[in-house]
Amino acid sequence: MPGAGVIDLDQVRSFVGVIEAGSFRDAAQRLELAQPTVSQHVQKLEATLGHLLVERNRARATTTAAGLRFLPFAKALLRLEGRARATLDQGNLAIGASSNIGVYLLQPLVRAFTSARPSIGPIDIRIGTNPDTARRLEDAEIDIALMEWWDDRPGFEAAVWRREKLVVIVPPEHPWARRMSVEKAKLLREPMIGGEPGTGTARLLQQTFGVDASSLKIGLELGSTEAVKQAVRAGLGISITFESAVRDEVRAGTLRALRVEDMPLAKPLLSIFPAGLSTTSPAAQFNAFLQGAKT
């Protein structure tokens, strides 16, 4: 029946090779296969999927519309195969991290972990947004994810490994710049700059302050903490961010950091990994290391 059957990775590899090389002949040379074998692989893959994937002509082999849709999945399948083999053979570890964690917290932890567990590696670090990191974990592109939120989707376990302090940041010329703290009521009246979407900070503030989203005066929505810091320095508003993200700026005097009076703000940071993970796996060992370094 068209569209039925199991996808063969050798056939997928030949398909990707043809598209990347631009011809069946060049793909055969790169893959060190006979050209008829490559042709058969692609034909069998097309039969399995029930779609024509490659436009064949004398000048160049190109994807059909269906082939173009399938190509990113084909490449992902081959990457996943490579990761699976490397994990079994070498004990590799792929860590995914949301942007704030990956930029401001992860690097010293990885260095300490590799010193404590020199047999594990190499280590691959992939930094992205929280939603991108969650997708990579579900697609098995990473072994463990370090994120600012998790939605309890099935098949995974989550553990808090750190509670990161949050601070209010203002420019040096702001009226609050000489203060150590600010009252909640005043904070809620001030226009705020939002950072990367999907970090869960707004949700945390709503829960902590006991207000709904409409009470938070979010003006600019920027895509990263670095952009937020520049906007605050330019006097476009104030923001709330990781204390660790602004240490250098506070030390240099280009930003001021304040706490909220009588209301310590801290965000739980999570490590997420597949349920039932072997305790000897690199991901489980990294999670155990994080728990030992918990702050």
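Worth knowing before you read on, the calculation uses all heavy atoms, side chains too, and leaves out hydrogens, waters and symmetry mates.
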What's the spacing between Gln29 CD and Ser23 OG if we round to 0.5 Å? 7.5 Å
Hydrophobic clusters here meaning ILVMFWY residues chained together by side-chain heavy-atom distances under 4.5 Å, can you tell me if Leu78 and Leu80 are in one? no
If you look at every heavy atom in Gly253 and Pro172, which pair is closest and at what distance? O-CG, 3.3 Å
Does Val110 offer a backbone N or O that forms a donor-acceptor pair with the side chain of Thr114 under 3.5 Å? yes
Under 3.5 Å: donor-acceptor pair, side chain of Thr64, backbone of Leu52: yes
Could you please spell out the steps behind the side chain to side chain contact (heavy atoms under 4.5 Å, CB included) verdict for Glu157 and Ile272? CA-CA 6 Å; Glu157 298 179 18; Ile272 305 102; over 6 Å; no
Quick check: does any side chain N or O of Ser39 sit under 3.5 Å from a backbone N or O of Gln35, one acting as donor and the other as acceptor? yes
Give a yes or no on whether a salt bridge exists between Glu261 and Lys184, defined as a side-chain N under 4.0 angstrom from a carboxylate O. no
Aromatic rings Trp150 and Phe156: how do their planes relate, parallel, tilted or perpendicular, breaks at 30° and 60°? perpendicular
Nearest heavy-atom approach of Arg163 to Ala266 is CB-CB, 4.4 Å
State whether the side chain of Arg117 and the backbone N or O of Ser119 hold a donor-acceptor pair below 3.5 Å, judged by distance alone. no
Are Ile7 and Val18 linked, directly or through intermediate hydrophobic residues, by side-chain heavy-atom contacts shorter than 4.5 Å (ILVMFWY only)? yes
State the CD1-CG distance between Ile101 and Asn130, to the nearest 0.5 angstrom. 7.0 Å
Do any N or O atoms from the side chain of Ser239 and from the backbone of Ile193 form a donor-acceptor pair under 3.5 angstrom? yes
So, do Gln11 and Gln40 sit near enough that their side-chain heavy atoms are less than 4.5 Å apart? no
Does Thr133 reach the main-chain N or O of Thr129 with its side chain, forming a donor-acceptor pair under 3.5 Å? yes
Do the side chains of Val6 and Thr48 get nearer than 4.5 Å, heavy atoms only? no
Distance (rounded to the nearest 0.5 Å) between Ile95 CD1 and Ile125 CD1: 5.5 Å
If every non-hydrogen atom of Ala21 is compared with every non-hydrogen atom of Ala27, which pair is closest and at what distance? CB-N, 3.6 Å
Check step by step if salt bridge (Lys or Arg N to Asp or Glu O under 4.0 Å) holds for Arg13 and Glu81. CA-CA 11 Å; Arg13 190 172 290 106; Glu81 180 203 22; 2.3 Å; yes
I'd like to check Leu258 versus Met180 (side-chain heavy atoms, cut-off strictly below 4.5 Å). Are they in contact? no
Would you say CZ of Arg111 has more than 12 non-hydrogen atoms from neighbouring residues, nucleotides or ligands within 6.0 angstrom? no
What do you reckon, are the aromatic ring centroids of Phe286 and Phe113 less than 6.0 Å apart? yes
Which heavy-atom pair separates Met192 from Ile240 by the least distance, and what is that distance? SD-CD1, 4.2 Å
Audit row: Arg256, Trp176, side chain to side chain contact (heavy atoms under 4.5 Å, CB included) steps and yes/no: CA-CA 9 Å; Arg256 299 286 191 269; Trp176 299 348; over 6 Å; no
What's the separation between atom CG in Asn100 and atom CG in Leu106, rounded to the nearest 0.5 Å? 12.5 Å
Please determine whether residues Phe73 and Val54 belong to a single hydrophobic cluster, defined as Ile, Leu, Val, Met, Phe, Trp and Tyr linked transitively by side-chain heavy-atom distances below 4.5 Å. yes
What is the minimum heavy-atom distance between Ser244 and Tyr104, and which atoms define it? OG-CB, 4.0 Å
Going through the checks in order, is the side chain to side chain contact (heavy atoms under 4.5 Å, CB included) test met by Val167 and Val246? CA-CA 9 Å; Val167 292; Val246 293; 4.0 Å; yes
If I take atom OG from residue Ser99 and atom CG from residue Asp132, how far apart are they, to the nearest 0.5 angstrom? 8.5 Å
With the side chain counted from C-beta on, respond yes when Ile19 and Thr62 share a heavy-atom pair under 4.5 Å apart, and no when they do not. no
Using a strict threshold of under 4.0 Å (side-chain N to carboxylate O), is an ion pair present between Glu249 and Arg233? no
Considering only heavy atoms from C-beta outward, does the side chain of Pro282 approach that of Asn92 to under 4.5 Å? no
Evaluation steps, side-chain hydrogen bond (donor to acceptor under 3.5 Å, both in side chains), between His174 and Glu190: CA-CA 12 Å; His174 194 277; Glu190 195 79 4; 3.0 Å; yes
Short question: side chain of Lys229, backbone of Leu255 - any donor-acceptor pair under 3.5 Å? no
Check: Leu166 and Val260 side chains under 4.5 Å, non-hydrogen atoms: no
Could you give me the CA-CA distance, side-chain angles and deciding distance for Ser278 and Thr280, then say whether side-chain hydrogen bond (donor to acceptor under 3.5 Å, both in side chains) is met? CA-CA 5 Å; Ser278 167; Thr280 60; 2.9 Å; yes
Between Ala28 and Ala34, which heavy-atom pair has the shortest distance, and what is it? CB-C, 4.1 Å
Pairwise side-chain contact, Phe15 with Leu71, heavy-atom cut-off 4.5 Å (strictly under): yes
Do any N or O atoms from the side chain of Glu46 and from the backbone of Leu53 form a donor-acceptor pair under 3.5 angstrom? yes
Heavy atoms from other residues, nucleotides or ligands near CZ of Arg56 exceed 12 (cutoff 6.0 Å): yes
Intermediate values then yes/no, side chain to side chain contact (heavy atoms under 4.5 Å, CB included), Arg162 and Leu270: CA-CA 7 Å; Arg162 182 184 178 95; Leu270 304 169; over 6 Å; no
Distance check, rounded to the nearest 0.5 Å: Thr225 atom OG1 versus Gln230 atom CD? 12.0 Å
Do the charged groups of Arg135 and Asp139 touch, with an N to O distance under 4.0 Å? yes
Heavy-atom check, side chain of Leu9 versus side chain of Leu77, under 4.5 Å: yes
